[in-house]
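Each chain gets a letter, A, B and so on, in the order the sequences are listed, and its residues count up from 1. Quick caveat: nothing in here was measured; it's all calculated off a predicted structure.
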Amino acid sequence: NAGVTQTPKFQVLKTGQSMTLQCAQDMNHEYMSWYRQDPGMGLRLIHYSVGAGITDQGEVPNGYNVSRSTTEDFPLRLLSAAPSQTSVYFCASSYEGPLFSPLHFGNGTRLTVT
Amino acid sequence: QQQVKQSPQSLIVQKGGISIINCAYENTAFDYFPWYQQFPGKGPALLIAIRPDVSEKKEGRFTISFNKSAKQFSLHIMDSQPGDSATYFCAAPEPTRPTNDMRFGAGTRLTVKP
């Protein structure tokens, strides 16, 4: 039972490069989301999805794109990386959404943009 | 937008002591208040959650106390153990969005000394 799987675990990008962070869950959860974690700021919601084909913005969406073609996968795309996007990124899924049921997090992707 | 204020930022407790972490929120239209525990290199995991139709919830050594009128809730860890050393995050529902956003506190790094 893998839960939420994120790849890669570490990534270094140069300013202006693009990349996709992968996230997959095997719990058949309709709700999936992406957070970034920065020191002293807790976790901030980037984008979320309540089901295949449905996405919405969170608190800090600028510079990121998402899509949800299947229940299992929710990739996060950085369009043109900036040093301000240096952070640890967590993907999470939830049975009924975070306002009603627990979030299940992956182990994160540590991204450095130089 | 919801601000969740968590204190203290860091906490050092002797083994067997009581750890207390506090959170304050501004407003909410929902009633699910979780605490997440995060070990280094891992994603956060739900520790305990409360719905404020009760003022206290206990699970083993962990207790949430909730004061709805004061808009505050706290985590108490009784008989703290070195294995409890982790970062703890409280979260409160964001009331200005229809659904699906929890606002996290900045985190408390707990160290339990043997």
Side-chain angles (χ1 to χ4, degrees), chain A residues 2-7 9-10 21 23 25 27 29-51 54-61 66 68 74 87-110, chain B residues 1-10 21-25 27-53 57 59 62 64 86-109:
Chain A
V4 178
T5 303
Q6 290 183 237
T7 56
K9 291 187 178 181
F10 302 94
L21 279 64
C23 176
Q25 54 97 5
M27 295 174 282
H29 288 164
E30 292 293 333
Y31 178 91
M32 295 186 73
S33 56
W34 279 98
Y35 289 85
R36 60 178 289 173
Q37 184 176 34
D38 301 293
M41 302 191 73
L43 294 126
R44 291 182 293 167
L45 182 66
I46 303 172
H47 285 286
Y48 68 92
S49 169
V50 297
I54 306 170
T55 64
D56 201 355
Q57 296 180 349
E59 184 184 2
V60 288
V66 292
R68 184 94 178 270
F74 190 44
S87 187
V88 181
Y89 291 86
F90 288 99
C91 178
S93 72
S94 174
Y95 176 61
E96 293 182 300
L99 304 185
F100 307 100
S101 61
L103 286 163
H104 299 263
F105 287 88
N107 284 329
T109 295
R110 183 176 293 274
Chain B
Q1 291 187 337
Q2 181 79 279
Q3 298 282 337
V4 178
K5 295 183 179 180
Q6 183 174 344
S7 62
Q9 285 187 331
S10 63
I21 305 171
N22 300 299
C23 274
Y25 65 97
N27 288 294
T28 183
F30 298 93
D31 61 352
Y32 180 71
F33 293 82
W35 284 89
Y36 286 85
Q37 180 188 54
Q38 184 181 27
F39 293 104
K42 301 293 186 182
L46 180 73
L47 179 65
I48 187 173
I50 193 169
R51 299 190 185 278
D53 52 349
K57 181 175 181 181
E59 290 185 359
F62 301 91
I64 298 179
T87 301
Y88 294 81
F89 295 95
C90 62
E94 168 55 51
T96 61
R97 296 182 66 87
T99 57
N100 297 314
D101 196 0
M102 295 292 280
R103 291 300 165 93
F104 286 82
T108 296
R109 178 172 290 187

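- Between chain B and the residues A/Ala92, A/Ser101, A/Gly108, A/Ser94, the largest count of heavy-atom pairs under 4.5 Å involves A/Ser101.
- Using a 4.5 Å cut-off between heavy atoms, B/Tyr36 contacts chain A through its side chain alone, with no backbone atom that close.
- Counted within 6.0 Å of OH on A/Tyr95, heavy atoms from surrounding residues, nucleotides or ligands total 12 or fewer; the atom is thus considered open.
- For the residue pair B/Thr108/B/Gln6, the side-chain donor-acceptor check at 3.5 Å is satisfied.
- For B/Pro44, the parts lying under 4.5 angstrom from a heavy atom of chain A are both the backbone and the side chain.
- Looking at A/Gln6, neither its backbone nor its side chain comes within 4.5 Å of chain B, counting heavy atoms on both sides.
- Judged purely by atom type and a 3.5 angstrom limit, A/Asn107 has no side-chain atom pairing as donor or acceptor with the backbone of B/Lys42.
- Between B/Arg103 and B/Glu94, at least one side-chain nitrogen of the basic residue sits less than 4.0 Å from a carboxylate oxygen of the acidic one, meeting the salt-bridge criterion.
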